[in-house]
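A quick write-up on the structure given underneath.
Chain letters run A, B, ... following the sequence lines, proteins first, then strands; residues in each count from 1.
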Protein chains: 2
Amino acid sequence: MISLAEENYLKNIYKLSEKNSGAVTTSSLADALQINAASVTDFVKKMAEKKMVTYQKSKGAMLTEAGKKIALKIIRKHRLWEVWLVNTLNFKWDEVHDIAEQLEHVNSDMLIERLDNHLGNPTADPHGDLIPDAKGKFIKDRSKPLLKCIAKQKVKFIGVAEHSNSFLQFLTKNNLKIGDELFIERIEAYDQSFHLKINKKTKKVFSKEVVKNILIVLA
Amino acid sequence: MISLAEENYLKNIYKLSEKNSGAVTTSSLADALQINAASVTDFVKKMAEKKMVTYQKSKGAMLTEAGKKIALKIIRKHRLWEVWLVNTLNFKWDEVHDIAEQLEHVNSDMLIERLDNHLGNPTADPHGDLIPDAKGKFIKDRSKPLLKCIAKQKVKFIGVAEHSNSFLQFLTKNNLKIGDELFIERIEAYDQSFHLKINKKTKKVFSKEVVKNILIVLA
DNA sequence: AAATAAAATTAGGTCAGCCTAATTTTATAC
DNA sequence: GTATAAAATTAGGCTGACCTAATTTTATTT
Ligand SMILES: [Mn+2]
Ligand SMILES: [Mn+2]
Ligand SMILES: [Mn+2]
Ligand SMILES: [Mn+2]
């Protein structure tokens, strides 16, 4: 059996290795898990014995295939639950993460698959994060940061690269939500702020800070 | 904060004190939790320090008001989740208990209340067990064992007094489900087996063993 | 290439939640 | 009421998942 702590380690190792590929450092894991680095070293060694990760002293940890499979399953559960919370129970997108952090550890394959079907086999969660299927496969990710776009492009808002409540609430306050059509009227050369027209109606200006965390696809 | 172990102790103390009122014995708790009696003694003492229970050496434990409140909340969650699993995800009534055992520990008041509303504020779970409201109050229980009835009575099957999978599956196999109307055609004097007509159609005979675990209300 | 800083590891705890074995207390039988 | 059985407690341990402080390794400056 796999413990709660192990599940959280695996999930976070996966997420960190997604960003900076290669071995995940002890300190980055410690930071993500809010656990002392010494404890992480210890734990990771035990996980290596159990073949969930490979570990090289002073270099870091990498998921084995077995570990990756578990990590993806937890991520799948987390995101499916978030979809349920938002779509069925009408939670806001900035209210679901902590609840999903708990629900992701509920262990029942039958439950996951039924939930998935009940939700219509969604491929993305309320924040636009892709949901792996039962085999751990994602659909192809075609998104990129709005910041990478050029003036006069028409794009669709499909996700966020930053998941903090403050950022999500900022977007909500500014009436920006997933699915919105954004037209880039102009990009200010000096500070790279974006002048947008949202859904062919409202005009708004967003700073580079914001724009880099908005993920879009070309419309 | 309250730990998983504490929640399970509280829930089981509540359930055992429901049956045999008075203090809950160490051995009955040990048996229910599948934990060694020595460990239970220890744990219960710690819970007494935290004012969740009162404890008298060699006599047993009783919930305090605070402890009872927590116990009822867990029972509420367990039963609400069971309703969801059966009504929304189409699980069978003998498939939900283990999943609900996990879900009952998910901690979010907002989640419970939204789930409750979404389900239409049910007052009983798929096994006929009453669901306490947010304040811990139950509706009045009017059920009694079918065994206590007399011949020629017409009654409605509303719950089970025995929750084992084997019993639930036995009932399912015999096409008996909650809501069914039962007419007691005759009670065999020798062994107290019940000759029933189910939903004005099927005739079936059930042993005393079975009949004592079927809960009904007079129709 | 030394010196310094940062990251990682080792050594030696703690605490929760369990266990077994031994002992004491309470209940039941004779 | 004494003997026996059952229940409960005490004593002493163990493991998982953390911690701090000290040390070692690796990276960055100068
Ligand atoms: Mn989340
Ligand atoms: Mn998400
Ligand atoms: Mn149940
Ligand atoms: Mn139930």
Rounded interatomic separation in angstrom, taking [atom1] from [X] and [atom2] from [N]:
X: Asn20(A); N: dA7(C); atom1: CG; atom2: C1'; answer: 16 Å
X: Met1(A); N: dG16(D); atom1: CE; atom2: P; answer: 15 Å
X: Asp42(A); N: dT20(D); atom1: CG; atom2: P; answer: 14 Å
X: Ile2(B); N: dG17(C); atom1: CD1; atom2: C1'; answer: 15 Å
X: Leu4(A); N: dT15(D); atom1: CG; atom2: C1'; answer: 16 Å
X: Lys46(B); N: dA16(C); atom1: NZ; atom2: P; answer: 6 Å
X: Gln56(B); N: dT25(C); atom1: CD; atom2: P; answer: 16 Å
X: Glu6(A); N: dG16(D); atom1: CD; atom2: P; answer: 9 Å

Under-4.0 Å side-chain N/O to phosphate OP1/OP2 contact, [X] with [N]:
X: Ser3(A); N: dG16(D); result: no
X: Thr41(B); N: dT9(D); result: yes
X: Lys59(A); N: dA7(C); result: no
X: Lys45(B); N: dT9(D); result: no

Exercise for the section: With rounding to the nearest 0.5 Å, note down the distance linking CG in Asp133(A) to CG in Asp116(A). Expected result: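 Between Asp133(A) CG and Asp116(A) CG, I get 8.5 Å after rounding to 0.5 Å.
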So if I take every side-chain heavy atom of [X] and compare against [options], which nucleotide ends up nearest?
X: Ala38(B); options: dC18(C), dT20(C), dA21(D); value: dT20(C)
X: Tyr55(B); options: dA8(D), dA17(D), dT10(C); value: dA8(D)
X: Ser39(B); options: dC18(C), dT25(C), dT26(D); value: dC18(C)

Exercise for the section: May I have all residue pairs that pass side chain to side chain donor-acceptor pair (under 3.5 Å) and include part of residues 29-49 of chain B, sequence neighbours excluded? Expected result: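 Of all non-adjacent pairs touching residues 29-49 of chain B, none passes side chain to side chain donor-acceptor pair (under 3.5 Å).
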Exercise for the section: Indicate the ring-plane relationship of Tyr9(A) and Phe43(A), choosing parallel, tilted or perpendicular according to the 30° and 60° boundaries. Expected result: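 Taking Phe43(A) first and then Tyr9(A), their aromatic rings lie parallel (interplane angle under 30°).
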Practice task
Might you point out which heavy atoms bring Glu6(A) and Ser3(A) nearest each other, and give the distance in Å?
Solution key: OE1-N, 2.8 Å
Practice task
For residues Cys149(B) and Phe194(B), report the shortest heavy-atom separation together with the two atoms involved.
Solution key: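 Between these two residues, the closest heavy atoms are O-CZ, 4.0 Å.
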Exercise for the section: Measure from the side-chain N and O atoms of Arg186(B) to the backbone N and O of His195(B), and report whether any donor-acceptor pair falls under 3.5 Å. Expected result: no
Exercise for the section: Would you jot down, in residue-number order, the residues of residues 24-37 of chain A having a non-hydrogen atom under 4.0 Å from DNA chain D? Expected result: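 Here the set is Ile35(A), Asn36(A).
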Problem - Residue met sooner reading DNA chain D from 5', once Phe43(A) and Lys57(A) are mapped to nucleotides - result: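 With Phe43(A) and Lys57(A) compared, the 5'-side residue is Phe43(A).
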Practice task
Answer with yes or no after comparing the ring centroid distance for His163(B) and His127(B) against a 6.0 Å cut-off, counting only values under it.
Solution key: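 When the ring centroids of His163(B) and His127(B) are compared, they turn out to be within the sub-6.0 Å range.
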